[in-house]
**Q** 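This is the structure, below, for whatever I ask next.
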Amino acid sequence: MTMNRVCALTGAEFPLFAFSHCRDVVAAVSKAGGFGVLGATRFTPEQLEEELDWIDAHVDGAPYGVDVLVPEVIDPAVRTLADNRSRAQAIDPAYQGFVNSVLGDYGIAPEPELKILPERMGITPENGLALMEVAFRHPIRLIANALGIAPAAMIAEGERRGVPVAALVGAKEHAIRQAEAGVDIIVAQGTEAGGHCGEVSTLVLIPEVVRELARRGHDIPVLAAGGIMTGGQMAGMMAAGAQGAWTGSVWLATPEAETSEAFRDKMVAARSRDTVRSRSRTGKPARQLKTPWHAAWEDPQGPGTLPMPLMGMVSEPAFARIEREAAAGNDNARELVSYFVGQGVGLVEQVRSSRQVVQDFREEFLEAASGLAAAAGIE
């Protein structure tokens with residue numbers, strides 16, 4: 001029997017990859033037989049060191065990985081700004097006034113100045129590379145990069161340490177560029193996904209990428225991402241040529257996740273049509289739960305969104321204020337509660353533990369695979 005290739009590369013027992021910003025989810029998934037991947041962008045290098053120390057102590061030797069963002073393209077307007085303080089000074093005060101106006105309509109008191117959150121360094125190449133260096137000091141079994149070609153330093157260090165490098169793509173031409181750069185695993189992510197995403201659906205993207213890689217002679221396994229919330233969907237994507245699933249949104253509806261109770265309640269109630277692909281949180285198109293915040297930034301009378309990472313410096317303190325107000329009982333503020341989430345949110349029917357999600361994926365996958373075999377007359 002041929003072993004699943006991504007399992008062989010990473011040591012995963014079952015090729016269900018769980019992207020999460022929460023260490024508890026990462027450890028729980030890996031211990032349950034999946035493969036947890038910690039999203040590092042929310043942390044400073046010192047904080048990431050603490051998070052990975054904790055995972056090392058709680059994962060019971062199970063494999064896990066780290067996802068960093070080292071953007072390939074930086075807006076020329078911010079390329080010369082060396083740190084968060086200089087970036088904050090470059091933001092017109094009118095943006096803070098606009099934020100106060102939007103939040104004020106929902107009973108949230110104004111804050112006169114933009115706050116710099118120490119736990120959000122900003123999505124820049126130098127910050128991503130600093131987090132990468134921390135990740136490689138730990139016994140990770142995978143490192144992933146999004147927002148462009150995986151940097152040469154990551155590929156070289158991964159090869160030296162025997163750590164596979166994965167890269168997220170949203171189009172077949174991007175997959176070819178990543179393969180030519182030397183990555184080990186392609187994560188093909190459709191537009192249904194939460195967070196930064198392209199415009200091609202997962203159902204089309206997976207066979208397109210798998211076919212093009214083979215046509216160009218690149219023997220690289222592909223993970224399917226975007227809207228995958230069940231084991232049946234995972235089986236379908238593997239039937240289309242993927243070697244496993246890369247998931248994110250499904251873990252946000254677990255009690256271990258970093259999400260608030262207010263947001264998890266909204267996930268359970270949401271329809272798949274309740275998400276929006278918007279620049280109003282990071283400066284690049286990212287899918288999230290739609291709220292009046294997004295409508296305000298699309299208004300032609302508004303100031304318009306800023307490039308990455310400046311937009312995140314405006315939006316993240318605002319969403320922290322929203323969450324505080326919602327937790328304190330401001331029902332109006334709950335209308336603004338949002339987070340990165342994909343169209344698969346319409347499949348979320350209840351809050352489940354991370355371990356239960358892994359178990360459900362396994363059972364649904366086996367049921368779907370058996371059903372496919374039976375439908376094809378294969379015993």
Side-chain angles (χ1 to χ4, degrees), residues 6-7 9-12 15-31 34-72 119-169 178 181-187 189 193-196 223 225 244-248 251-252 256-258 340 354:
V6 291
C7 289
L9 282 169
T10 64
L16 174 63
F17 289 71
F19 171 86
S20 175
H21 291 111
C22 182
R23 64 191 189 183
D24 300 87
V25 172
V26 171
V29 170
S30 288
K31 287 195 291 186
F35 190 100
V37 181
L38 184 70
T41 307
R42 299 182 69 85
F43 307 115
T44 65
E46 294 76 19
Q47 289 169 331
L48 181 60
E49 191 81 61
E50 292 179 8
E51 297 295 298
L52 297 183
D53 282 342
W54 186 94
I55 292 174
D56 293 340
H58 290 82
V59 80
D60 297 344
Y64 74 94
V66 173
D67 180 292
V68 300
L69 292 179
V70 185
E72 181 183 8
E119 67 272 18
R120 298 287 292 183
M121 292 199 306
I123 301 174
T124 65
E126 64 271 17
N127 290 342
L129 290 170
L131 294 169
M132 180 195 78
E133 291 177 4
V134 174
F136 275 126
R137 292 201 289 267
H138 293 262
I140 59 173
R141 295 295 303 274
L142 177 79
I143 190 163
N145 182 62
L147 293 181
I149 298 297
M154 180 183 291
I155 292 172
E157 191 67 8
E159 184 175 356
R160 188 175 78 83
R161 294 175 178 268
V163 176
V165 176
L168 277 73
V169 304
Q178 296 284 7
V183 303
D184 303 290
I185 297 170
I186 297 290
V187 180
Q189 178 179 268
H196 298 110
L223 290 172
W246 179 280
T247 57
W251 311 103
L252 299 175
E256 298 94 342
E258 74 276 15
F340 305 105
S354 296

**Q** Tell me the closest heavy-atom pair linking Ala166 and Leu142, and the distance in Å.
**A** CB-CD1, 3.9 Å

**Q** Could you tell me whether the side chain of Glu133 and the main chain of Gly128 form a donor-acceptor pair under 3.5 Å?
**A**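 Side chain of Glu133 to backbone of Gly128: no pair is present.
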
**Q** Write down the atom of Val25, the atom of Ser20, and the distance for their closest heavy-atom approach.
**A** CB-OG, 3.5 Å

**Q** Looking at Arg23 and Trp54, would you say the former's side chain and the latter's main chain have a donor-acceptor pair under 3.5 Å?
**A**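 Looks like no, no N/O pair under 3.5 Å.
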
**Q** Once you round to the nearest 0.5 Å, how far does CG of Leu129 lie from CG of Leu69?
**A**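 Leu129 atom CG to Leu69 atom CG measures 11.5 Å (nearest 0.5 Å).
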
**Q** Classify the ring geometry between Trp246 and Phe17 as parallel (under 30°), tilted (30 to 60°) or perpendicular (over 60°).
**A**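 Parallel.
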
**Q** Of all heavy-atom pairs between Gln178 and Leu168, which one has the smallest distance, and what is that distance?
**A**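 Closest heavy-atom pair between Gln178 and Leu168: NE2-O, 4.2 Å.
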
**Q** Mind checking the CG-CZ spacing from Asp53 to Arg137? Nearest 0.5 Å is all I need.
**A** 9.5 Å

**Q** Provide the closest heavy-atom pair for Ala135 versus Leu48 in the form atom of the first, atom of the second, distance.
**A** N-CD2, 4.5 Å

**Q** Distance check, rounded to the nearest 0.5 Å: Glu51 atom CD versus Phe43 atom CZ?
**A**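 If I round to the nearest 0.5 Å, the distance is 4.0 Å.
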
**Q** So, does Glu256 use its side chain to make a donor-acceptor pair with the main chain of Ala28 at under 3.5 Å?
**A** no

**Q** Please find the pair of heavy atoms, one from His138 and one from Tyr64, that lie closest to each other, and give the distance.
**A** CB-OH, 3.6 Å

**Q** Using the ring of each side chain (for Trp, its six-membered ring), is Phe19 parallel, tilted or perpendicular to His21, with breaks at 30° and 60°?
**A**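 Correct class here is perpendicular.
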
**Q** For the CG atom of Leu252 and the OG1 atom of Thr247, what is their distance to the nearest 0.5 Å?
**A** 10.0 Å

**Q** Between the main-chain N or O of Val134 and the side-chain N or O of Glu49, is there a donor-acceptor pair closer than 3.5 Å?
**A** no

**Q** With Arg141 as reference, evaluate Ser30, Pro164, Pro63 under the side chain to side chain contact (heavy atoms under 4.5 Å, CB included) test and give the passing residue.
**A**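 Exactly one option meets the side chain to side chain contact (heavy atoms under 4.5 Å, CB included) with Arg141, and it is Pro63.
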
**Q** Just verifying a value: how many Å separate Asp184 CG and Thr10 OG1, rounded to the nearest 0.5 Å?
**A**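 That separation rounds to 11.0 Å.
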
**Q** Nearest 0.5 Å, please: how far is CD1 in Ile55 from CG in Asp60?
**A** 12.5 Å

**Q** Without swapping roles, check the side chain of Asn145 against the backbone of Val70 for a donor-acceptor pair under 3.5 Å.
**A** yes

**Q** Which atom names give the shortest non-hydrogen contact between Ala245 and Leu223, and what distance separates them?
**A**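 Ala245 and Leu223 have their closest heavy atoms at N-CD2, 3.9 Å.
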
